[in-house]
J.: 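Have a look at this one.
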Amino acid sequence: MDALALAVGCLSSPTTPFLSPPRSLPRNHKYTRRNPALSKTLDKSHAFTFAAPSSSSSPATIRPSNSSARRAAIAEVEASTDLDSTLSRVEGILQVQDYNNILCYFGELRRWTEVSQLFDWMQKHKKLNFASYSSFIKYMGISHNPMKALQAYDSIPDKSLKVNVSICNSLLGCLVKNGRFESSIKLFNRMKDDGLSPDLVTYSTLLSGCRKVKNGYSKAMQLVQELENKGLHMDGVIYGTLLATCASNNLCEEAESYFQQMKDEGCPPNLFHYSSLLNAYSVDGNYMKAEKLVNDMKSSGLVPNKVILTTLLKVYARGGLFEKSKELLAELELLGYAEDEMPYCLLMDGLAKAGHIHETKALFAEMKQKHVKSDGYAHSIMISALCRSGLLKEGRMLAKEFEANCNKYDLVMLNTLLRAYCNTGDMDSVMQVLGKMDKRAISPDWNTFHILIKYFCKEKLYHLAYRTIEDMHGRGHQLNEDLCSSLILQLGQSGFPSEAFSVYNMLRYGKRTLCKSIHEKMLDLLVAAGLLKDAYVVMKDNMERISTSSLDKFAVSFMRSGNINLINDVFKALHRSRRQINPDIFHAAVSRYLGKPEKTELLLQLLQWMSRHGYCVDSSSRNLLLKNSHLFGQKQLIAEILSKQHMMSRKLRSQEVKK
DNA sequence: GTAGGGTTAG
């Protein structure tokens with residue numbers, strides 16, 4: 001099985017190509033010079049030429065004329081509007097590392113078309129090495145295209161190159177970045193089987209994936225154990241990742257203890273470590289600890305940067321210290337650290353969750369007025385805040401405004417929009433958003449399904465809700481019990497008992513423990529709908545959770561119209577529940593058998609079973625049997641059994657009187 | 001070794 005096949009199960013549902021990559025270079029970008037790839041290459045070439053001028057025996061010596069040809073060729077490729085033809089024209093001048101540098105140049109500019117085109121060309125002309133694969137895979141990860149990364153990996157012809165640690169790290173990092181933690185672990189195990197020797201980078205890559213998954217911390221611990229078993233020692237980056245994992249999993253004490261352990265091991269904390277620990281303090285808004293930490297940090301000679309101050313703002317906002325938050329926001333503005341929406345979002349979210357909707361709105365307006373750069377987070381927070389505080393129409397309006405002005409969508413935003421439209425019963429817009437999701441191949445998550453199902457139920461579109469639940473279950477999402485229970489009842493009442501039963505089964509097989517009352521409701525519903533075979537299954541599996549009256553109703557119905565061959569089994573099941581069996585049920589069974597002379601054998605078995613277990617038929621059933629026993633050709637036998645039962649019941653009754 | 005790892009928002 002190749003890596004693609006291994007991961008394709010998880011990848012077939014599309015990834016979340018969130019906010020398209022930045023159009024301009026990141027601020028701290030390593031290519032700040034005009035032609036970085038070029039300088040990088042040429043620095044090396046010159047170093048070689050000048051450091052070893054006498055080694056004329058080396059055929060690799062690059063003469064200035066040669067280097068200026070390379071310089072020109074690189075510039076030409078980077079500026080080209082027709083990559084393929086430019087590449088063919090300069091073929092022979094450039095070396096593999098030149099192509100790699102150009103690849104990085106395009107990659108850092110987020111010019112994905114060129115990245116792919118160049119890489120294709122390099123593959124076709126066999127101008128690549130481990131660094132080419134590693135870089136290409138990394139960029140495919142950044143551009144949210146893990147599929148292409150996997151294809152590139154699978155295309156590597158050389159087996160030993162496939163377990164090159166750098167390539168493997170890139171691919172694992174690509175999967176992790178795109179939320180495919182599970183597949184990255186599977187692939188990691190495969191790679192180890194194939195001969196990969198993981199290093200610290202491998203482990204920190206995988207550890208960073210633990211931040212956003214369920215039980216992330218315990219998975220992180222497994223990885224730490226593994227790296228230690230391999231004789232590797234945790235370095236500053238690994239500690240940084242661990243601290244971030246603790247913070248994301250709300251494990252403040254663990255974060256503190258790793259922070260201490262790291263210092264004890266002689267590794268001085270840097271800004272990454274401080275910001276992660278600060279982030280851990282933000283969970284419960286522990287501003288006392290946060291402020292002390294920032295002071296410690298300053299004493300150690302570190303200067304708080306944008307991330308530290310922004311995280312401190314998060315601590316204040318979470319802790320409800322809105323005055324302090326506002327002061328800090330003003331400071332960030334002065335420092336030029338509030339050019340994007342992050343700090344505003346932190347404060348808006350804090351305000352909104354504390355119920356200060358008007359202040360949230362004011363800050364949102366201020367942000368707009370200041371033309372703060374936005375990727376949609378602020379809208380998402382504001383729309384949710386409006387909906388939460390009951391300002392549904394306003395929430396819907398803002399959602400519409402966002403859609404009219406922005407063309408950036410990710411799953412969270414789409415869910416936010418859906419919620420806003422569902423809240424106002426705007427079915428058309430709901431459908432449009434679903435269309436957008438489809439078009440962009442963004443797959444719905446648990447929240448999406450939950451929003452839709454709740455909405456469909458509210459609109460009494462029960463069958464649609466049912467189909468949505470089926471879809472949700474089919475994709476492996478845990479079903480919400482309350483929502484399903486109410487849908488089960490509604491489906492039953494609106495003439496879809498089989499669908500109700502299907503929902504019940506999905507719920508039952510997905511969860512270990514269910515609320516007790518659901519089984520009885522399901523049983524009642526199936527009995528009412530005459531689906532007695534299904535009812536029998538529910539009854540058999542959940543007898544101790546079902547009231548006697550519901551069991552009785554089921555049993556009587558079953559005797560009247562259930563599968564006649566299962567009647568005796570139903571009695572045995574009832575007997576196992578150790579509850580008194582209502583005589584009406586025996587009566588109903590006897591009547592049923594009387595109408596089916598060909599089932600005499602079953603009737604006799606039932607009567608004998610009754611005698612063995614101390615039951616006896618009531619007088620009306622006995623009379624009925626005696627009157628009709630000629631029908632069965634077993635007149636004598638039936639009379640004997642009945643008289644035995646009769647005597648036994650007399651004996652029992654007299655014993656009770658004595659007591 | 002031309003390469004790969006950690007910090008803040010809905």
Side-chain angles (χ1 to χ4, degrees), chain A residues 18-19 37 40-41 44 95-104 128-139 141 164-174 176-177 198-211 220 234-248 262 269-280 282 304-315 317-318 332 337-338 340-350 352-353 374-385 388 402 410-417 419 447:
Chain A
F18 185 28
L19 311 167
K40 225 169 146 188
T41 308
K44 288 270 153 62
Q95 298 176 4
V96 174
Q97 63 260 43
D98 299 328
Y99 294 112
N100 289 347
N101 280 322
I102 301 172
L103 193 71
C104 291
L128 26 68
N129 59 15
F130 84 94
S132 325
Y133 287 109
S134 183
S135 299
F136 179 72
I137 289 168
K138 176 184 78 174
Y139 289 120
N164 171 289
V165 67
S166 178
I167 295 179
C168 291
N169 290 346
S170 283
L171 186 56
L172 296 173
C174 163
V176 162
K177 267 197 196 75
D199 63 6
L200 279 180
V201 178
T202 322
Y203 285 105
S204 67
T205 302
L206 293 171
L207 278 168
S208 76
C210 296
R211 289 210 306 129
M234 302 216 277
D235 66 358
V237 178
I238 297 273
Y239 273 114
T241 323
L242 274 178
L243 286 169
T245 304
C246 291
S248 305
M262 185 182 74
N270 62 21
L271 289 172
F272 285 91
H273 305 115
Y274 279 107
S275 66
S276 288
L277 187 53
L278 262 187
N279 196 27
S282 77
N305 65 358
K306 183 173 162 180
V307 177
I308 294 285
L309 293 177
T310 309
T311 313
L312 184 60
L313 175 64
K314 180 176 167 184
V315 178
R318 290 275 164 92
L332 283 160
Y337 291 167
D340 67 48
E341 61 186 333
M342 181 101 68
Y344 298 92
C345 285
L346 289 167
L347 184 48
M348 277 176 60
D349 194 46
K353 284 180 180 155
S374 172
D375 275 331
Y377 286 87
H379 271 85
S380 165
I381 293 166
M382 198 64 238
I383 294 167
S384 303
R388 206 180 307 132
F402 176 83
D410 74 334
L411 184 56
V412 180
M413 183 44 102
L414 290 165
N415 284 345
T416 305
L417 297 173
R419 208 176 281 124
N447 289 307

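Within every chain, numbering begins at 1; the chains are lettered A, B, ... in the order of the sequence lines, protein sequences first and strands thereafter.
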J.: Check if the side chain of Asp410(A) and the base of dG10(B) share a donor-acceptor pair of N or O atoms closer than 3.5 Å.
T.: yes

J.: Which of residues 240-248 of chain A sit near DNA chain B, with a heavy atom under 4.0 Å from it?
T.: Gly240(A), Thr241(A), Ala244(A)

J.: Let me know the distance between CE of Met342(A) and P of dT8(B), rounded to the nearest Å.
T.: 8 Å

J.: Look at the side-chain N and O atoms of Arg211(A) and state whether any lies under 4.0 Å from the OP1 or OP2 oxygen of dT8(B).
T.: yes

J.: How many Å lie between CE on Met234(A) and C1' on dG5(B), as a whole number?
T.: 15 Å

J.: If you measure only the distance, is there a donor-acceptor pair under 3.5 Å linking the side chains of Asn129(A) and Ser132(A)?
T.: yes

J.: The side chain of Val237(A) lies closest to which of these nucleotides: dG10(B), dT2(B), dG5(B)?
T.: dG5(B)

J.: What pairs with Asp199(A) under salt bridge (Lys or Arg N to Asp or Glu O under 4.0 Å), at least two apart in sequence or on another chain?
T.: none

J.: May I ask you to verify whether the side chain of His379(A) and the base of dG10(B) hold a donor-acceptor pair under 3.5 Å?
T.: no

J.: Picking from dG5(B), dG10(B), dT2(B), which would you name as closest to the side chain of Asn100(A)?
T.: dT2(B)

J.: Identify, with sequence neighbours excluded, every residue that meets side-chain contact (heavy atoms from CB on, under 4.5 Å) alongside Asn270(A).
T.: Phe272(A), His273(A)

J.: What residues form a ring pair (Phe, Tyr, Trp, His ring centres under 6.0 Å) with Phe402(A), not counting sequence neighbours?
T.: His379(A), Tyr409(A)

J.: State which residues pass side-chain contact (heavy atoms from CB on, under 4.5 Å) with Asp349(A); sequence neighbours excluded, sorted by chain then number.
T.: Arg318(A), Lys353(A), Ile381(A)

J.: Determine whether any donor atom in the side chain of Ser275(A) lies under 3.5 Å from an acceptor atom in the base of dT7(B), or the reverse, and answer yes or no.
T.: yes

J.: May I ask you to verify whether the side chain of Ser380(A) and the base of dG10(B) hold a donor-acceptor pair under 3.5 Å?
T.: yes

J.: Is any N or O donor-acceptor pair between the side chain of Asp235(A) and the base of dG5(B) shorter than 3.5 Å?
T.: yes

J.: Can you check whether Lys138(A) has a side-chain N or O nearer than 4.0 Å to OP1 or OP2 of dG4(B)?
T.: yes

J.: Side chain of Lys177(A), heavy atoms from C-beta onward: which of dG1(B), dT8(B), dG5(B) has the nearest atom to it?
T.: dG5(B)

J.: Ignoring hydrogens and geometry beyond distance, is the side chain of Ser166(A) in donor-acceptor contact with the base of dA3(B) at under 3.5 Å?
T.: yes

J.: Under 3.5 Å, sequence neighbours excluded: what are the donor-acceptor pairs made by side chains of residues 239-248 of chain A?
T.:
residue, atom, partner, partner atom, Å
Tyr239(A), OH, Gln261(A), NE2, 3.0
Tyr239(A), OH, Glu265(A), OE1, 2.9
Tyr239(A), OH, Glu265(A), OE2, 3.1
Thr241(A), OG1, Val237(A), O, 2.8
Thr245(A), OG1, Thr241(A), O, 2.8
Ser248(A), OG, Arg211(A), NH1, 3.1
Ser248(A), OG, Ala244(A), O, 2.9

J.: Taking CD1 from Ile137(A) and P from dG5(B), how many angstroms apart are they, rounded to a whole number?
T.: 12 Å

J.: Roughly, in whole Å, what's the span from CD in Gln97(A) to P in dT2(B)?
T.: 9 Å

J.: To the side chain of Glu341(A), which of dG10(B), dA9(B), dT8(B) is closest?
T.: dA9(B)

J.: Measure distances between side-chain N and O atoms of Asn279(A) and base N and O atoms of dT8(B), and say whether any donor-acceptor pair falls under 3.5 Å.
T.: no

J.: Can you tell me how far P of dT8(B) sits from CZ of Phe272(A), to the nearest Å?
T.: 10 Å

